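In what follows, every chain begins at residue 1, and chains take the letters A, B, ... in the order their sequences are listed. Bear in mind the structure is a predicted one, so any value in this text is a computation, not a measurement.
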2 protein chains.
Amino acid sequence: MSSPRRADAVRNRALALEAATALLSEPGATLTVEAIAARSGLGAGTVVRAFGGKDALIDAAVAALLAPVVARAGELAASKAPGEALRAFLAELMDFQAAHHGLSAGLDGLDLPGTTARRADLEAAVGDLIARAQRDGELRDDLPVGALTVLIGRTAFAVARDGSPELSAAYLTVLFAGLSPVHGR
Amino acid sequence: MSSPRRADAVRNRALALEAATALLSEPGATLTVEAIAARSGLGAGTVVRAFGGKDALIDAAVAALLAPVVARAGELAASKAPGEALRAFLAELMDFQAAHHGLSAGLDGLDLPGTTARRADLEAAVGDLIARAQRDGELRDDLPVGALTVLIGRTAFAVARDGSPELSAAYLTVLFAGLSPVHGR
C-alpha cells in the first residue's frame, strides 16, 4: 500500500468511527452502514472497507465508547470509599446509558467481540466495587456478589435507558437503601 | 350469517386464541399469523378473518392473558395488608412475566388497544398498592407514587424477563428493604 493510500485509510477509519460514535448518542438513530456513510460523507463501500466489514466497524465504535467507562470504574475505586465509589459509578453509568440510546438497540445478532469484552470488563468492574463494599461492611453481605451484579446491571439499565434524571436518582435512593447492611439478623 | 357458519367462526376464534396464548409462553416463539395458523391447524386466511386482522388477534390474545393478572392485584389488595399485597403481587407478576416470553418481544409497532388498556390497568393496580402501602406507613413516603410505580414496573420486568427464580427473590429482598419507611429524617 502506498503512503497516500495508507493516509486515506487512516482518515476514513477515523471519519467512520466518529460518525458511528455520534449516531450512538442520537435517539432513534440506528447504527447502519448507510447511516454511518451519510453522516461521515464517505461512500458505503469505503466505510465497510475501512474496517473490513460492518460488524467490525460497529464493534470498534461501541468498544471505543465503553473503554473510558470501564477505566472510570477503576479511578473511582482508587479514589473513594467502596460504597461511595459504587454509587458514584452507577450514577455516571446511568447518565452514560441515557445519553447513548444506540447502545440499547440494534446490536443483537451482530458479531461484536470487542464490545462483548468491554461489557464483560464493565460487569467485572461493578462486581469488584460490590465485593469491596461488602468486605468493608458498607453493603449487605447476605446476597452473593454475582446475583447483586446481575441485579444492579439489569435494573440500572432498565431505568436509565429512557428514563429521566429524577427517576435515576429515585432508583439509586431505593437501591442503596435496599443494599444497606442488614442488622439484627 | 347462517348458524353453522356462525358456529365455525366462534370455533375458529377460540382455536386461534388458544394457539396465540400457547405461543406467548414459549421461549423464542414469535406471535405471527403463520405461527398461530400452524399451531391451531387453521389456514392463515381463516385466522386473520376470525379476528378481522392480525393485530386484532394478537391484541385479543395478549389482553386475555393480562386480564386475570390485573384481577389478581385486586384480590390481593382486598385480602392482605397493603405492603404484603404489593410484595405478593410483584412476585406473582414476575413469575408470569418469566413464563410468558412472547409478551416482551415482537409487539412493538402493532396496534393493540386492548393490550394497552390492560397494561394501563396493571400499572394503575401497582400504583394503587403502592399508595395504600405508603398510607399505612409500610412503605417510604419520601418518593412519589408515580416515580415508584415506574421504577418498580421497569426493574421488575428487567429482572423477570429472562431471570431465574433466585434472581427474582434477591431483587424483591433488595427492593423491599429499599422501600422500607425512612426513620430518623
Side-chain angles (χ1 to χ4, degrees), chain A residues 28 30 83 86-87 90 93-94 97-98 101 104-106 108-109 123 126-127 130 133-134 138-185, chain B residues 28 30 83 86-87 90 93-94 97-98 101 104-106 108-109 123 126-127 130 133-134 138-185:
Chain A
T30 315
L86 177 63
R87 185 163 183 150
L90 286 181
L93 180 63
M94 291 175 80
Q97 287 169 335
H101 307 262
S104 65
D108 290 350
E123 190 171 315
V126 172
I130 292 170
Q134 277 192 340
E138 296 182 49
L139 227 64
R140 66 189 305 150
D141 61 3
D142 59 335
L143 293 170
V145 173
L148 288 178
T149 305
V150 174
L151 199 60
I152 292 173
R154 284 195 196 180
T155 54
F157 181 66
V159 170
R161 198 170 41 178
D162 53 353
S164 65
E166 290 75 23
L167 195 64
S168 292
Y171 163 77
L172 288 172
T173 297
V174 172
L175 176 68
F176 278 84
L179 291 175
S180 302
V182 183
H183 299 296
R185 277 178 290 164
Chain B
T30 315
L86 177 62
R87 184 163 185 151
L90 285 181
L93 180 61
M94 291 175 80
Q97 287 168 333
H101 306 264
S104 65
D108 290 349
E123 190 169 316
V126 171
I130 292 171
Q134 277 192 339
E138 295 184 48
L139 227 62
R140 65 188 306 150
D141 60 3
D142 59 337
L143 293 170
V145 174
L148 288 179
T149 305
V150 175
L151 199 62
I152 292 173
R154 284 195 196 180
T155 55
F157 181 67
V159 170
R161 197 171 40 176
D162 52 355
S164 64
E166 289 76 21
L167 196 64
S168 293
Y171 163 78
L172 288 172
T173 297
V174 172
L175 176 69
F176 278 84
L179 291 176
S180 303
V182 182
H183 298 297
R185 278 177 292 165

Mind checking whether Phe176(B) and Leu90(B) have side chains closer than 4.5 Å, heavy atoms only? yes

Need one label for Thr173(B): side chain, backbone, both or neither, based on atoms under 4.5 Å from any heavy atom in chain A. both

Are the side chains of Arg154(B) and Leu167(A) in touch, meaning some heavy atoms are under 4.5 Å apart? yes

Measure across Gln97(B) and Ala160(B) and return the closest heavy-atom pair with its distance rounded to 0.1 Å. OE1-CB, 3.6 Å

If you compare all heavy atoms of Arg140(B) against all heavy atoms of Gln134(B), which two are closest, and at what distance to 0.1 Å? O-NE2, 2.9 Å

Only pairs of heavy atoms separated by less than 4.5 Å count here; which of Thr155(A), Leu175(A), Val174(A) has the most with chain B? Val174(A)

Non-hydrogen atoms of chain A under 4.5 Å away: do they reach the side chain of Leu148(B), the backbone, both or neither? side chain

Quick check on Leu143(A) against chain B: is it the side chain, the backbone, both or neither that has a heavy atom closer than 4.5 Å? side chain

